[in-house]
Amino acid sequence: MLTSEQISPDKIAADYTSAFTETLGCVQAAVLQDGLVLFTCENGRLAVGGLRTGIIRVKLLAGAGPGDPIPMHTTAAVIREETNPGGREAEPKLRDTGLSYMIETAGMMVEVVKQDSSLRFLNESGQILAHNPLLAWKEDKAATALFQAAENTHYYGLGEKTGFLDKRGERYEMWNSDNFSPHVPEIEALYQSIPFLIVIEPGNAYGIFLDNPGRSVFDMRASEQAFTVQTETGGVDYYFIAGPKIKDVVGRYTALTGRIQLPPRWSVGYHQSRYSYMDQEEVLELARTFREKEIPCDVIHLDIHYMDEYRVFTFDPVRFPDPKAMIAELKSLGIRIVPIVDPGVKLDPDYYVYREGAESDFFCMKPDGSPFTGPVWPGQSVFPDFTEAKVREWWGSLHRFFAEMGIEGIWNDMNEPSVFNECKTIDPDALHGNDGHPATHQEIHNLYGMMMSKATAEGMANQLGGRRPFVLSRAGYAGIQRYAAVWTGDNRSYWEHMALAMPMVLNLGLSGIAFAGPDIGGFGHHTTGELLARWTQMGALFPFCRNHSMLDTVRQEPWSFGTEVEDICREYINLRYALMPLIFSVFREAAETGMPVIRPLLLEYPDDSNTVNLCDQFLLGDQVLAAPVYRPDTYHRVVYLPEGNWFDYWTGERREGGAHIMAHAPLDTLPLYVKEGAIIPRTAPAASTEFLCSEELLLDIYTPENGEGSFDLYDDDGTTYAFKDGSCNLHRLTVEGTEESVTLRVHPACLGYDGGWKKWTVTFKHLGFAGCRLDFGTEASGREELEALDQGWHFDSTAGELTVVMEQPSEDVELVVRGL
Ligand code: GLC
């Protein structure tokens with residue numbers, strides 16, 4: 001416990017600001033070489049170049065002399081040019097304007113002022129997008145880049161940080177940290193470090209991605225006129241990412257660092273976890289209870305107690321005597337196992353993983369050449385050097401142990417890495433091979449967890465015979481989205497932490513990590529029935545949906561608090577499964593475009609000043625708006641509906657947007673709204689995504705009175721990579737409403753998967769017509785008659801709904817509903 005002694009007068013640092021006294025000085029020479037402009041300045045060197053349209057890389061080499069080479073290799077965050085079809089999109093041009101050098105590259109320009117080596121980024125018409133007047137460093141080479149900020153600047157991204165959505169006035173550190181203290185605004189570093197800041201000024205948005213996996217600081221607090229990015233090692237190597245819209249910035253950043261891979265569908269289902277389900281029988285009993293209680297569940301996680309004295313790649317022979325049989329029984333229930341795998345390998349000469357790694361020198365070394373050791377769950381442990389390809393391959397191959405048992409998903413924890421020693425991680429001077437660019441741990445700490453997940457994802461993919469693996473990771477760096485989903489670590493069962501999960505996961509999404517979520521119900525502390533009900537309502541619409549809790553806390557499975565809470569949990573988990581066609585289509589969009597699965601309203605309505613810091617409600621895709629209740633004993637809340645009309649998902653009531661409304665939300669109600677013009681695909685819920693085999697797709701059209709909507713509906717087998725060879729279905733749907741008619745167009749852009757829904761039931765909801773006509777199959781006199789038809793329609797004038805049945809379209813279809 002800390003006391004007031006912490007703030008005794010002699011402990012307060014007099015000066016928070018560090019003095020970066022060295023600067024580049026004036027430019028002495030500039031040459032264009034291999035697509036880069038290399039500047040030799042008075043006191044150092046600078047490389048500036050365009051990589052792709054709208055992305056400029058700036059690298060500072062502090063103190064370098066004219067002949068010193070500027071190493072341009074990147075970290076693993078950046079998708080390398082050879083793996084990026086198209087590679088460099090534009091050869092820059094260099095122009096001497098007299099007072100400055102102007103670099104023209106695809107879509108934009110950079111001006112480097114000769115007098116002081118300052119940089120300005122401009123668009124094609126010469127408008128200034130950003131100004132970096134200062135690059136400076138200290139004697140020890142810790143460096144800073146200062147950017148000017150306009151008066152009304154707002155900040156987003158930065159991955160997994162506490163606080164609100166807008167990071168204005170905040171300061172955060174990037175240093176992957178296992179911080180078990182409650183996650184409060186004061187905590188500057190958590191498990192993930194995503195050094196990517198989105199800057200939004202009136203009329204312009206841009207991003208700064210600092211590719212430095214050592215410790216860095218983003219400071220938006222010290223000044224209102226500027227923000228700074230500071231590094232401890234490795235100088236400054238940043239990417240300016242142009243907008244002008246926030247969606248352009250997110251799209252470009254994810255083109256640079258990668259997008260999520262389309263996950264197996266089962267991983268998008270509901271996950272149940274506990275530290276720990278202690279033995280095989282408890283796991284099976286848990287699975288049976290889900291089935292008895294008819295609560296959907298796809299995954300049960302095995303926490304550390306499944307292992308033999310916490311040795312990774314083992315099962316405890318007493319508690320889990322027959323994991324294969326357990327997995328087989330779970331499979332029949334549609335449930336998969338995801339075991340935890342930590343990086344710490346027990347230092348035990350009788351243990352094969354330790355022996356193999358030690359024989360090949362695969363563990364991180366101290367400067368004296370002996371392995372670095374430190375205590376974690378198994379006691380003294382060693383840590384594989386995942387920054388080396390050969391170590392990743394070895395680690396990946398160890399996953400055969402799991403794959404052979406029928407396991408398809410792995411949970412990577414403690415991979416900051418967390419060590420129970422003084423510095424809380426691997427010693428700063430320990431050495432990493434780093435794929436040919438040796439570095440100390442201090443220099444590349446934040447890469448460790450991501451490289452472990454890369455090894456895991458690639459190893460599992462190799463073992464699974466063409467099925468997609470699922471990896472969950474606690475730690476990460478920019479690019480982690482390519483390998484793993486992310487959960488937000490050890491939160492608590494506090495209402496405040498439920499509320500915090502929204503801005504945190506929304507900013508993770510803006511930072512490329514589209515597949516993320518918190519421990520539903522809270523990990524530490526003790527949940528209550530009410531908190532679990534509310535949190536499950538919210539979590540059911542989050543990308544990653546897992547209920548997890550800690551040793552010695554009250555049980556928090558959905559049935560732990562009586563039937564009312566159980567019924568609510570069931571209803572909302574069912575909702576997730578019913579909406580799986582929608583959710584999975586949004587996942588595909590994330591994999592294709594980098595847009596997050598759940599979004600702050602700011603992303604879709606950037607010109608609406610009400611969205612600047614709106615983070616107690618969110619959008620699923622761009623059509624559904626959820627506004628969770630996140631306080632106890634609260635049955636009403638204010639909801640902001642942006643421009644357009646919205647429909648209450650539950651009652652169908654139409655609400656005009658551009659306004660704050662009061663939602664009534666008894667405990668069983670999550671305020672949920674659907675945008676006019678939305679096209680919402682649903683299906684019959686099932687106990688597991690494995691059993692989501694209804695032949696029928698329900699397509700609800702929230703008929704636009706005078707407007708339009710569109711949606712890309714995606715489906716594939718949910719497990720293999722066959723979609724990459726075209727074995728998937730993609731229907732592009734658009735709807736358009738006028739006073740006289742409503743038109744739905746269906747365009748099958750891809751039709752390679754034949755296992756999907758055979759029948760579509762399309763319902764035009766909220767039709768304003770007293771009667772209507774549709775030239776499509778038979779007009780049925782009622783729902784029953786309609787059900788029996790292959791192609792036809794029925795208009796229910798009381799409900800104002802027109803329902804159409806058809807076979808899944810294999811060619812373009814146009815339904816024109818005319819009002820009478
Ligand atoms: C860490 C993880 C937590 C897990 C526990 C035991 O605290 O964050 O999720 O349950 O370790 O493995």
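Counting starts at 1 for both ligands and their atoms, in listed order.
Relative orientation of the Y494 and H497 rings is tilted, given thresholds of 30° and 60° on the angle between their planes. Between F542 and F618, the ring-plane angle classifies as perpendicular under the 30° and 60° cut-offs. The aromatic rings of F313 and F402 sit tilted, their planes meeting at an angle between 30° and 60°. Using a 30° and 60° split on the angle between ring planes, F363 and Y354 fall in the parallel class, below 30°.
Counting the atoms of ligand 1 from 1 in the order shown, those under 4.0 Å from a heavy atom of I340 are 12 (O). Atoms of ligand 1 lying under 4.0 Å from at least one heavy atom of W411, given by number and element, are 9 (O). Interface of W487 with ligand 1, defined as ligand atoms under 4.0 Å from a residue heavy atom, comprises 8 (O), 9 (O). With ligand atoms numbered from 1 in the order given, ligand 1 contributes 1 (C), 2 (C), 7 (O), 8 (O) to contacts under 4.0 Å with heavy atoms of R474.
Taking distance alone, with nitrogen or oxygen atoms compared against 3.5 Å, R546 stays at or beyond that limit from ligand 1. Any N or O atom pair closer than 3.5 Å counts here, and D413 shares at least one such pair with ligand 1. In terms of polar-atom proximity, Y275 is not counted as a contact of ligand 1, lacking any N or O under 3.5 Å from an N or O of the ligand. The shortest N or O to N or O distance between H548 and ligand 1 is below 3.5 Å. Checking only distances, D490 does come within under 3.5 Å of ligand 1, N or O to N or O.
Heavy atoms of F523 found under 4.0 angstrom from ligand 1 belong exclusively to the side chain. Contacts with ligand 1 closer than 4.0 Å are made by no heavy atom of Y310, backbone or side chain.
Residues E690 and W266 have side chains that never bring a donor and an acceptor to within less than 3.5 angstrom of each other. With hydrogens and angles left out, the side-chain atoms of W175 and N446 include no donor and acceptor closer than 3.5 Å. If you check the side chains of S276 and H305, you find a donor sitting under 3.5 Å from an acceptor.
Shown are F470, F290, W411; of these, the ring pair (Phe, Tyr, Trp, His ring centres under 6.0 Å) with H271 is made only by F470.
Contact check on D303 versus R274 returns no salt bridge, with no Lys/Arg side-chain nitrogen under 4.0 Å from an Asp/Glu carboxylate oxygen.
At least one heavy atom of W377 sits less than 4.0 Å from an atom of ligand 1.
For atom 6 (C) of ligand 1, the closest non-hydrogen atom on the protein side is D303 OD1, 3.2 Å.
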